[in-house]
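First comes the structure, then the notes that go with it.
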Amino acid sequence: MIVDLISSAAVNAVTKIFGVKVPPAQLVVQRTIPAFRNQGDYSLVVFPLLKISRKSPEETARLIGDEMLRILPQVESFGVVKGYLNLRIAKSFWEAFVEENFSDAVFGLSPVQSGDPVVVEYSSPNTNKPLHLGHIRNNLLGYSVAELLKASGKNVKKVNLVNDRGIHICKSMLAWKLSGKNETPESTGKKGDKLVGDYYVLFDKLYKSELQALKASGKTDDEAAGASTLMLQAREMLLKWEARDEETLSLWQTMNGWVYEGFDVTYRRLGVDFDKIYYESQTYLLGKEIVEEGLQKGLLFRKEDNSVWIDLAAEGLDEKLLLRSDGTSVYMTQDLGTAQLRANDFAPESLVYVVGNEQNYHFDVLKLILQKLGRPWADHIYHLSYGMVELPEGKMKSREGTVVDADDLMDGMIATARTMTEELGKIADLDSAEAMELYRMVGLGALKYFILKVDPKKNMLFNPAESIDFNGNTGPFIQYTYARIKSVLRKAVLDLNDSKVQLVSDIHPKESDLILSLYEFPATVKQAAADYSPSIMANYLFELAREYNTFYHELSILKEEDPAKRSLRLNISRLTSSVIKNGMALLGIEVPERM
RNA sequence: GGUCCGGUAGCUCAGUUGGAUAGAGCAGCAGCCUUCUAAGCUGCGGGUCAGGCGUUCGAAUCGCCUCCGGAUCACCA
């Protein structure tokens, strides 16, 4: 990297001039701000060196600049503003960069390594609840982070953990049994996950009216809850399930099967996938074994009522329950089992959990328990904690019907993309299948970009009343830029073989801005992966597209007379297109050849 | 109350390990299609970076305090 070259050359220069070897960390090299781009491309901040040089900032910068010019052939000239040494990188360096990479279809992407895998868990749905906007954020983040890690050279395994058992699942089963009239996805035409979700809601409704009736007959809240026959039946059903009762298991399998079919449809549309799917019904028993192990090691303790706990007061946390008094497992028990299973399955380098920030405490505890149990891999558990998606009136609540359904939202985005595209009327010659494909790409591109451009750890706002934009800092803007480049490239087939880039004249500022940005793509991939932050990639791509558009507007490409310039611009265009395509793919966003 | 995370333009958001005059988009106003795709480009207006104190040559960024918002502290998941 040129930044590293500059940095180490500066260290040598300082050593030579002032006789002091400074740590490279003290030297800040950054892209020159637009106001001084006439002086250089990268800037060295010399303020930290004043104590050593004991000269004015300008004088210090000049001395270092002179020496840099001598020892670093990539530096062509320099300028000084206050304590900033602005270095102009030689034209030949950029020419060589473009020439080397313009046709590299995987520029900036590292080949996947075969080392120990990074296991990324995301999605993790509850089979009672159809996917909503919050899940969309989770899925997009998880998918994108996994792709970014791959692109930075990691061996990545994407896994999903399905929350398929427990009292809540019994509730929807019970409601269906009591008043389902044998409805199926086929008989109703409903998506399986929606059908089951409806029964979950129905249970809640029936339960509430039962409570109402009990309270009307003079019972207190607690008494009513205790007397509820519905809740009693749900508990009985859970016991039957744990006892492997055939009829219960069969209903459970049938209804979960409907849900999985429904989820698959949504996952496919979202474009996310998994290498392995775990089910809590298959991990909770292992969790119980781990609790047993903890008891034997004296790490956990049993209360008089038979419940099992861990005391984390020394770590500043509370006592935490690991097994109920009736011996059944809780959330934490299952997650212990799941983590162990994953460690057994993959011998992973690290375990990444994409889970909302409401569970920060849970993951602190999970990691701590596993560490105390002596699992060395527990040190490499990382909770990628992301913020909630809020509506103008606050958090989404399934109970209050304020959730934004994932399928509905995607339908809406695609419909808007269609309206918009038809109004613009540029693709009248596409057949209907191609057109539908374009609407899908653009609609989903807008949605995905809207979500991924925000820093994961921050809460974000979604206002259903204002539709997601298609202009400005949006997915479609970047897709449009791609389609625009491809249009130029289609018309330039012959010129593209001309791969030699040798300019007689200077590089235009718009060209060098763009090249500079392209040059930074590989580092951006690494940065985004290291920070688990797709938003870094999203914002980079927006800047790149914006720079391309100003470049496109100010300079002609195909009509440029000078063949060397034409060739350079075409090659820059081609490289920009592949960076956009590859970068967007890391966000799970497709780009159209035309739009 | 304890712990954690936020607070940047009217709105939605960027802002790398502290670096130059804090940036985009939307909304508003004014321009640009007989010329490679106008989902674009150019310009204008818009800021006490919640507030205060401190560290530093230099603070939106680091530390302390205060205010505001959110999450969490369940024999729910």
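The analysis underlying the following values was restricted to heavy atoms, covering all of them including side chains, and did not include hydrogens, waters or symmetry mates. A note on names: the letters A, B, ... follow the listed sequences, proteins ahead of strands, and every chain is numbered from 1.
- Of the C1' atoms belonging to B/rC26 and B/rG40, the separation is 16 Å, rounded to the nearest Å.
- Residue contacts shown for A/Q359 include a base, since a base heavy atom lies under 4.0 Å away.
- Picking from B/rC5, B/rU37, B/rG25 the nucleotide with the shortest atom distance to the side chain of A/R546 gives B/rG25.
- For the P atom pair drawn from B/rG54 and B/rA59, the interatomic distance equals 12 Å after rounding to whole Å.
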Query raised in the report: Can you give the dot-bracket line for RNA chain B, where a pair is Watson-Crick or G-U wobble with both atom distances under 3.5 Å, crossing pairs use [ ], and | marks a partner on another strand?
Result: (((((((..((((.....[...)))).(((((.......))))).....(((((..]....))))))))))))....
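- At whole-Å resolution of the value, NZ in A/K510 and P in B/rC36 are 21 Å apart.
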Restricting both atoms to N or O, compile the protein contacts to nucleotides 10-21 of chain B shorter than 3.5 Å, with distance only.
from   : atom 1 : to     : atom 2 : distance (Å)
B/rC13 : OP1    : A/L461 : N      : 2.7
B/rA14 : OP1    : A/D455 : N      : 2.5
B/rA14 : OP2    : A/K458 : NZ     : 3.1
B/rG19 : O2'    : A/Y84  : OH     : 2.6
B/rA20 : O4'    : A/Y84  : OH     : 3.0
B/rA20 : N7     : A/Q30  : NE2    : 3.2
B/rA20 : N6     : A/S43  : OG     : 2.5
B/rA20 : N6     : A/N86  : OD1    : 3.2
B/rA20 : N1     : A/N86  : OD1    : 3.1
B/rU21 : OP1    : A/K82  : NZ     : 3.3

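- The distance from atom OH of A/Y552 to atom P of B/rG40 is 13 Å, rounded to the nearest whole Å.
- Annotation: of the two residues near RNA chain B, A/L555 and A/N126, the 5′-most nearest-nucleotide partner is A/L555.
- Between A/D364 atom CG and B/rA71 atom C1' there is a gap of 13 Å when expressed in whole angstrom units.
- Side-chain atoms of A/T338 and A/T283 include a donor-acceptor pair closer than 3.5 Å.
- Cation-pi check for A/K303 over A/W309 is met; the charged atom lies under 6.0 angstrom from the ring centroid and within 45 degrees of its normal.
- Between A/T32 and A/D41, the side chains place no donor N or O within less than 3.5 Å of an acceptor N or O (distance only, hydrogens not considered).
- Anti is the glycosidic conformation of B/rC11, whose angle departs from 0 by more than 90°.
- Screening A/I310, A/V291, A/D335, A/D364 for a side chain to side chain contact (heavy atoms under 4.5 Å, CB included) involving A/I369 leaves a single residue, A/I310.
- Closest-nucleotide positions on RNA chain B for A/V442 and A/G166 were compared, and the one nearer the 5' end corresponds to A/V442.
- A salt bridge links A/K457 with A/D455: at least one charged nitrogen is closer than 4.0 Å to a carboxylate oxygen.
- Atom pair A/E547:CD and B/rG23:P shows a separation of 15 Å (rounding to whole Å applied).
- We find that OH of A/Y361 is positioned 13 Å from P of B/rU3, with the value rounded to whole Å.
- No hydrogens or angles considered: a donor-acceptor pair under 3.5 Å links the side chains of A/E121 and A/S124.
- Cation-pi geometry between A/R165 and A/Y284 is satisfied (NZ or CZ under 6.0 Å from the ring centre, within 45° of the ring normal).
- Between A/F47 and A/Y84, the ring-plane angle classifies as perpendicular under the 30° and 60° cut-offs.
- Looking at A/R569 and A/E511, a side-chain N of the basic residue comes within less than 4.0 Å of a carboxylate O on the acidic one, giving a salt bridge.
- Of the candidates B/rC57, B/rA77, B/rC36, the closest approach to any side-chain atom of A/K51 belongs to B/rC57.
- The ring pair (Phe, Tyr, Trp, His ring centres under 6.0 Å) check on A/Y207 picks up A/F203, with sequence neighbours excluded.
- Here the separation of B/rC33 from B/rU42, taken at their C1' atoms, is 14 Å to the nearest Å.
- When each of B/rA24, B/rG40, B/rU72 is scored by its nearest atom to the side-chain atoms of A/F542, the top-ranked nucleotide is B/rA24.
- One can place CZ of A/R484 at 9 Å from P of B/rG40, the figure rounded to the nearest angstrom.
- Considering only the side chain of A/N549, B/rG40 comes nearest among B/rC36, B/rG40, B/rA77.
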